[in-house]
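See structure below.
Treat the numbers as computed from the prediction; the structure is a model and nothing was measured. So you know, we letter chains A, B, ... as the sequences are listed, proteins then strands, and number each from 1.
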Amino acid sequence: MKNLEIAQIFEEIADILEIKNVEWKPQAYRKAARALKTCEDVEAIYKKGGIKALDKIPGVGQRLAKKIVQYIETGKISEYERLKKTVPKYLTELMKVPGLGPKKAAKLANKLKIKSMKNLEQVIKQHKIAKLKTFGEKSEENIAKGIALMKKSKKRVLLGVALPIAEEIIARLRVVKGVDKVIAAGSLRRMLETIGDIDILITSTKPELVMDKFTSMKDVARVLAKGPTRGSILLKNNLQVDVRVIPPDEFGSALQYFTGSKNHSIALRKLAIKKGLKISEYGVFKGKKKIAGKTEKAVYKAVNLPYIEPELRENNGEIEVARQGKLPKLLGYSDIKGDLHVHSKYSDGNDAIETITKVAKKIGYGYIAITDHSPSLKIAHGLDEKQLKKKQAEIKKINKKNMGIKVLHGTEVDILPDGSLDYSDKILKQFDIVIAAVHSHFKMTEAEMTKRIIKALENKYVNVLAHPTGRVINKRDAYKVNLEKIFSSAKKNKVALEVDGTPDRLDLNDVHIREAIKAGVKLVCVTDAHSINNLKNMRLAIGTARRGWAQKTNILNTKSWEEIKKWFKK
DNA sequence: GCCGTTTTCGGCCCGACTGTTTTCAGTCG
């Protein structure tokens, strides 16, 4: 996806323009950059609707659309190439230090002849910054801290990693005396696939007790700030956590503000201005008079909007749709009736089928599919015919125990490079559910990969396509594939596409889910669990589906197994 | 550079915090 690359260039352009003291343009570039990070794949948009469709992305106008097209077609943006030459590279580099903006970076470069990060570290050692006019001891110290922070390279952490950490901290703070509400805001609440830092909002009658507890937890590496209403810590794992204690009658507006996304909140505030109102984290105001703030619902209502679910708040059309009263009723976190993609000890899973079944029953599922690998995936101990017989017999035995949950005999069968499957039709026929997946030969051309997968979808025994793009967050890009064609083939062949809840997969992702739904494709939310602990990842799949505007009707495994079976029938 | 039920020109989200000043500029979220 080129979106991130273009977003980065736009941000760099904004930096350069800021250095050059250009007004307003930097904000425009930054806003567009943020929009690109969460909107549909620009190449797909361009292919479908041309430059006019790009222009429709909020924050992207004619001129930026043109630049996006140029990048898609040539891999470069000439305006950026031109601007780069007008400003020394070290200036934009210095700006990456937290605390250094365009003004300070330029001043340091000018007065102290700094031409690199190394230079900067040298002058700090020599205490030259502290002696500079408008700088001082503190400034020098803060820049040093900023560099240290940057070196630790705060990479965004997976939602599936951050979520349990946040929950543990929340549980600890909830029991502190005087605490009422505790909730995580920010990208975590929006269920974004990666999280920069954890934001926790609290109402309490005794803020100082909250802050004491918060800053003295055992896994705190460093306390970055500690005041009566705001605290900030760095955990030993390098994750930053911010806590804010909010007065109860401002909780809704604070929650709205700290949940974001930024572009969503800006759009909301603009709407308020039109109505002669002002929204801030402290409330909605008409002149000096506060007219809302206690609940998020009231904040939205003040600008004539229904409540918008956090997962939708990306300024990707949700405000417009909300105005028309046409918001989707999102898939709920307890709407899933069974997990359809789980591995057992038979292949590369940790647990026995009966153990998995018990846990699934406890979750409240009506069915669970044990879908182990096929033989070609050697590292995962794919099952041969003999092992399949044994597994099938075991499942039969468990089902006879009438545990109140149906165990389905399934497989995750490999799609071989030529699009044929790793089991013969004769074997495939015996499964309750067949999931097809690409696990090898990722580097094909788009045409080859698309043809390969479509051939698999056309097999009459295939019911589900696993992790359709193959991406692994922070590790491996998606393979090249024409999703539009996959969608139409899946629809035609009655194959459901997966929303895989593995923390570093989340595949399909939010954007693709929204496209798939538009194309009329059915989806399943699954965990692809390799241990009973992984079964919890269903909420990540659901959260991702919600970010893709999925409703209950779009997700096949919100139905009973009988109904699903009927749908599968080709 | 974006955007339009007050505008195709002239606005552009809002506020806190920090450090350096002595009323504010710069940075951040």
[N] versus [M] - spacing of their [atom1] atoms, nearest Å:
N	M	atom1	result
B/dT5	B/dG1	P	23 Å
B/dC17	B/dT22	P	23 Å
B/dC3	B/dC13	P	12 Å
B/dC28	B/dT20	P	16 Å
B/dT27	B/dT21	P	15 Å
B/dT7	B/dC12	C1'	13 Å

What's [X] touching, base or sugar-phosphate or nothing? Going by heavy atoms closer than 4.0 Å.
X	value
A/P102	sugar-phosphate
A/K262	base
A/Q27	nothing
A/K66	nothing
A/Y257	base
A/Q62	sugar-phosphate
A/L268	nothing

Euclidean distance, atom [atom1] of residue [X] to atom [atom2] of [N] [Å, nearest integer]:
X	N	atom1	atom2	result
A/K138	B/dT21	NZ	P	14 Å
A/L271	B/dC13	CG	P	13 Å
A/L54	B/dG1	CG	P	16 Å
A/R34	B/dC2	CZ	P	14 Å
A/L108	B/dG26	CG	P	13 Å
A/I266	B/dC3	CD1	P	13 Å
A/F258	B/dG15	CZ	C1'	10 Å
A/L224	B/dT18	CG	P	12 Å

(request) Say whether, by atom type as modelled, one donor and one acceptor occur between the side chain of A/N554 and the main chain of A/Q551 under 3.5 angstrom. (result) yes
(message) Could you check whether any side-chain N or O of A/R156 sits under 3.5 Å from a backbone N or O of A/T194, counting only pairs where one atom can act as donor and the other as acceptor?
(response) yes
(request) Count the heavy atoms of every other residue, nucleotide or ligand shown that sit under 6.0 Å from CD of A/Q8, and state whether that count exceeds 12. (result) no
Tell me whether [X] is salt-bridged to [Y], with the criterion being a basic N under 4.0 Å from an acidic carboxylate O.
X	Y	answer
A/R323	A/E320	yes
A/R30	A/E18	yes
A/E311	A/R546	yes

Counting just side-chain N and O atoms, does [X] come under 4.0 Å of either OP1 or OP2 of [N]?
X	N	answer
A/N142	B/dG19	yes
A/Y282	B/dC14	no
A/K107	B/dA25	no
A/R269	B/dC14	no
A/S280	B/dC13	no
A/K104	B/dG26	no

(request) Both distances under 3.5 Å, Watson-Crick or G-U wobble: report the partner of B/dT8, or none. (result) none
(request) Identify, between A/K25 and A/K270, the residue whose nearest nucleotide on DNA chain B lies closer to the 5' end. (result) A/K25
(request) On DNA chain B, check which nucleotide each of A/P98 and A/I279 is closest to and give me the residue with the more 5' one. (result) A/I279
(request) Determine if A/F135 stacks with B/dT20; use a centre-to-centre distance below 5.5 Å and an interplanar angle below 30° as the criteria. (result) no
(request) Please work out which of the three classes, parallel, tilted or perpendicular, describes the rings of A/H264 and A/Y300, given edges at 30° and 60°. (result) tilted
(request) Using a 4.5 Å cut-off on heavy atoms from C-beta on, say whether the side chain of A/S265 contacts that of A/Q256. (result) yes
Starting the side chain at C-beta, find the nucleotide from [options] nearest to [X].
X	options	value
A/K278	B/dG15, B/dT27, B/dC2	B/dG15
A/D55	B/dT20, B/dT27, B/dC3	B/dC3
A/I273	B/dG15, B/dG1, B/dC13	B/dC13

